[in-house]
Engineer: 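Mind having a look at this structure? Questions to follow.
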There are 2 protein chains.
Amino acid sequence: MAVTIRDVAREARVSVASVSRALNGHTSVTDETRQRITSIAARLRYVPHSAARSLITKRTQTIGALLPDLYGEFFSELIRGIDLAARARGLHLLVSSSHGDTDEAATALRAMQGRVDGMLILSPHVDAAFLRANLPESTPAVLLNSALKSPQFDVLNIDNYGGAHAMTRHLLDAGHTSVAFISGPEDNFDAQQRERGYREAMTAFAPKAAVKVVKGDFSEDSGYAAGRALAKGGKSPRAVFAANDMMAVGCLRAFTEAGLSVPQDVALAGFDDIPIARYVTPALTTVRVRIADLGRNALERVAIAIEKPNQQRRAAPTLACEVVVRASSGGH
Amino acid sequence: MAVTIRDVAREARVSVASVSRALNGHTSVTDETRQRITSIAARLRYVPHSAARSLITKRTQTIGALLPDLYGEFFSELIRGIDLAARARGLHLLVSSSHGDTDEAATALRAMQGRVDGMLILSPHVDAAFLRANLPESTPAVLLNSALKSPQFDVLNIDNYGGAHAMTRHLLDAGHTSVAFISGPEDNFDAQQRERGYREAMTAFAPKAAVKVVKGDFSEDSGYAAGRALAKGGKSPRAVFAANDMMAVGCLRAFTEAGLSVPQDVALAGFDDIPIARYVTPALTTVRVRIADLGRNALERVAIAIEKPNQQRRAAPTLACEVVVRASSGGH
DNA sequence: GTGCGCAATGTAAACGTTTCCAAGGGATAT
DNA sequence: ATATCCCTTGGAAACGTTTACATTGCGCAC
């Protein structure tokens, strides 16, 4: 039999109301009684029943995270950031991951209803219509890496554009006169932004150079295919920038097989700074994304939205990336 | 204002009790009324208030996962396995990660009290005394990868011993007459088991060969140091088995720097099959651990413990590993 | 026809909190 | 001395469910 507030009250010879007030830090209770109640509660190992509390306060002290089936390191870094921030605020984290399609995501979202005070959503399947259909009005939510541009929802993005822009510039600055790009999936928001960053940097810093884009889909295999296509006929560009690291790794393999050496014959760069990037030969120049920061930031935003429900949402700043120069780009 | 069971009852012209029974699949309700109630509930988008339900049923339909600050891929695979199994059972997942020390873990464990029906615990800081002090009697828990041998708690381990045993045998079978081992942290349970597997396999299959163990601590740097030590004086063994992949990667670097080529001069193997293993040159032979299965399995066990509280705990089977042969071991 | 049993439904208590409102009591101002 | 106010405390309602128990109505056996 668990110990309840009533047990504490009886032991302390006060009413349950006083116990509640004392433990929740209300002002109108004497220091002396508070002392007594606190110590007795501790002695009895009293833990307030969270369900009972939620029932009346309409707060669960829990944030839900809705995540797709995503890549290892990204996932854990994101959760780490969210978790750290949540813990700092005394919030719990309810996770639902591995959602492959829209239906699964909808089911998961609805299942969380009533169990969370706010939501963090990272999913390629989610758009404004989806949210209006599945997210209760009253639940604040922050969308991560989403193309959504609605004042109704809070969105937090990585600065894919800026990162790609900076990387393209780095490759040009390193003396590679022509830079080709391996793109990501067309419907992927991150991929679009990265391509835009590449294109605009090319226009800005190498207006005479040819803009060359080979299609990929973020998979290693697509990077390999792109690499073969680029190497064919010995007419490869001086540098290749892949929209993510996995494709860069695949591309590297294709180049090696084709007898091209990186970075002497052709420089190579990726995006994400996955752990593998450091260990391929040559080590991969890439763009590092502070994923944990993304998670932390997102949690802070949703926490604020919960505290001040009718606050105007400020435009979300994007999260900065940084160019990490390694051997594959030949710069140093 | 959220819609409650009362609203549904009013609309369907029945009592709240009937609504509850109909929605919870009790037998004693006519098909006709159940139909009516179900459709009305759907129309009103009624979602039972989970806190209210928990208050009376004493069930939260939530499992807590207490995890340390752990490595990317392992973490996400584990969560994926747990999450999949939880979803299949209609359970939610409350995650608390990144616990660096015992105190943090204790705080997190206590914070979950009352919010979860059962716990999954993976933490090097947790022992029997810790659990007795911080885990309520009534909360079923499954410990992952723990040395704990108490009938009081359910433990689920990876077959580190078997995996190491098999790998050692593989290296010997491939014709490498002497195999050295790079050990992990002394207080780490996984590391101990792996070393035992190595030692016993050596005794069994190469009784005349020297058993050589170099100390490491699972870090890449310690693997590098071990590699240097082994390469020194040109007296390196024919094969080296590192207790985890990161050390193997470090060792590989040391060998390469020392002018030893892998696998011609010396074969190399690791343990874990982290993603990097595939991408180093040469690709690393290693032991694959089905981490998602570990998570899935653990969740199943805790779910069963919740359903049948006073059931005798069956001895936990360990989870099988498999040897993954790549270029670094020279076998094929 | 009466009584009995069973199936379907309703009534209300219970779960453990928080919080509104009332009440007690001491200090202060009149 | 009395009225007033404020500070501390207590009583009780409310939150939204589930479920034990009561009630109703109906069919069936006698």
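Values below: every heavy atom of this structure, side chains too, minus hydrogens, waters and symmetry copies. Keep in mind that what you see is a predicted model, and the values were worked out from it rather than measured. Just so we're on the same page: letters track the sequence lines, and every chain starts at 1.
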Engineer: Send over the distance from B:Asn24 CG to D:dG16 P, rounded to a whole Å.
Structural biologist: 17 Å
Engineer: Taking CD1 from A:Ile37 and P from C:dT18, how many angstroms apart are they, rounded to a whole number?
Structural biologist: 12 Å
Engineer: Would you say A:Ser54 places a side-chain N or O within less than 4.0 Å of OP1 or OP2 belonging to D:dC15?
Structural biologist: no
Engineer: When the nearest nucleotide of DNA chain D is assigned to B:Arg21 and to A:Arg13 on a heavy-atom basis, which residue is associated with the more 5' position?
Structural biologist: A:Arg13
Engineer: Nearest-Å distance, NE2 (A:His26) to P (D:dG10)?
Structural biologist: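 Distance, rounded to whole Å: 15 Å.
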Engineer: Would you mind telling me which residue lines up with the more 5' stretch of DNA chain C, B:Ala52 or B:Val16, judged by nearest nucleotide?
Structural biologist: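 That would be B:Val16.
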Engineer: What does A:Thr4 touch in the nucleic acid at a heavy-atom separation under 4.0 angstrom: a base, only the sugar-phosphate, or nothing?
Structural biologist: sugar-phosphate
Engineer: It should be established whether A:Lys58 places a side-chain nitrogen or oxygen under 4.0 Å from OP1 or OP2 of nucleotide C:dT18.
Structural biologist: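 Negative; the distance criterion is not met.
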Engineer: Please tell me which of the listed nucleotides, C:dT19, D:dT9, C:dA12, lies nearest to the side chain of A:Thr33?
Structural biologist: D:dT9
Engineer: Would you mind checking if B:Arg80 and B:Asp83 are paired as a salt bridge, meaning a charged N to carboxylate O distance below 4.0 Å?
Structural biologist: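 No, this pair does not count.
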Engineer: Using whole Å, report how far CG of A:Asp31 lies from P of D:dT9.
Structural biologist: 10 Å
Engineer: Does B:Ser20 put a side-chain nitrogen or oxygen below 4.0 Å from OP1 or OP2 of D:dT18?
Structural biologist: yes
Engineer: Would you classify B:Ser50 as touching base, sugar-phosphate or nothing, given that sugar-phosphate means primed atoms plus P, OP1 and OP2, and contacts are heavy atoms under 4.0 Å?
Structural biologist: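 Touches nothing.
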Engineer: Need one value for A:Thr57: base, sugar-phosphate or nothing, where a base atom within 4.0 Å counts as base even if backbone is also close, heavy atoms only.
Structural biologist: sugar-phosphate
Engineer: Regarding A:Asn157 and A:Thr318, is there a side-chain donor-to-acceptor distance under 3.5 Å anywhere?
Structural biologist: no
Engineer: Could you tell me how far apart B:Ile56 (CD1) and C:dA14 (P) are, to the nearest whole angstrom?
Structural biologist: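 One finds 10 Å between P of C:dA14 and CD1 of B:Ile56, rounded.
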Engineer: A:Thr30 side chain N/O closer than 4.0 Å to the phosphate oxygens (OP1, OP2) of D:dC7?
Structural biologist: no
Engineer: Can you measure B:Ile5 atom CD1 to D:dC15 atom P for me and round it to whole angstrom units?
Structural biologist: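 Interatomic distance, CD1 of B:Ile5 to P of D:dC15: 15 Å.
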Engineer: Decide, yes or no, whether a salt bridge links B:Glu11 with B:Arg43 under the criterion of side-chain N to carboxylate O below 4.0 Å.
Structural biologist: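 Salt bridge: yes.
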Engineer: Would you say the side-chain atoms of A:Asn24 and A:Arg53 include a donor-acceptor pair closer than 3.5 Å?
Structural biologist: yes
Engineer: I'd like to know if A:Arg132 and A:Glu137 make a salt bridge, using a cut-off of under 4.0 Å between side-chain N and carboxylate O.
Structural biologist: no
Engineer: Between B:Ser15 and A:Pro48, which has a closest nucleotide on DNA chain C that is more 5'?
Structural biologist: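 Nearest-nucleotide comparison on DNA chain C picks B:Ser15.
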Engineer: With sugar-phosphate meaning primed atoms plus P, OP1 and OP2, does B:Ser18 contact a base, only sugar-phosphate, or nothing at under 4.0 Å between heavy atoms?
Structural biologist: sugar-phosphate
Engineer: To the nearest Å, how far apart are A:Leu55 CG and C:dT19 C1'?
Structural biologist: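 These atoms are roughly 13 Å apart.
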Engineer: Could you state the atom-to-atom distance from CZ of B:Arg34 to C1' of C:dT9 in whole Å?
Structural biologist: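 Between C1' of C:dT9 and CZ of B:Arg34: 13 Å.
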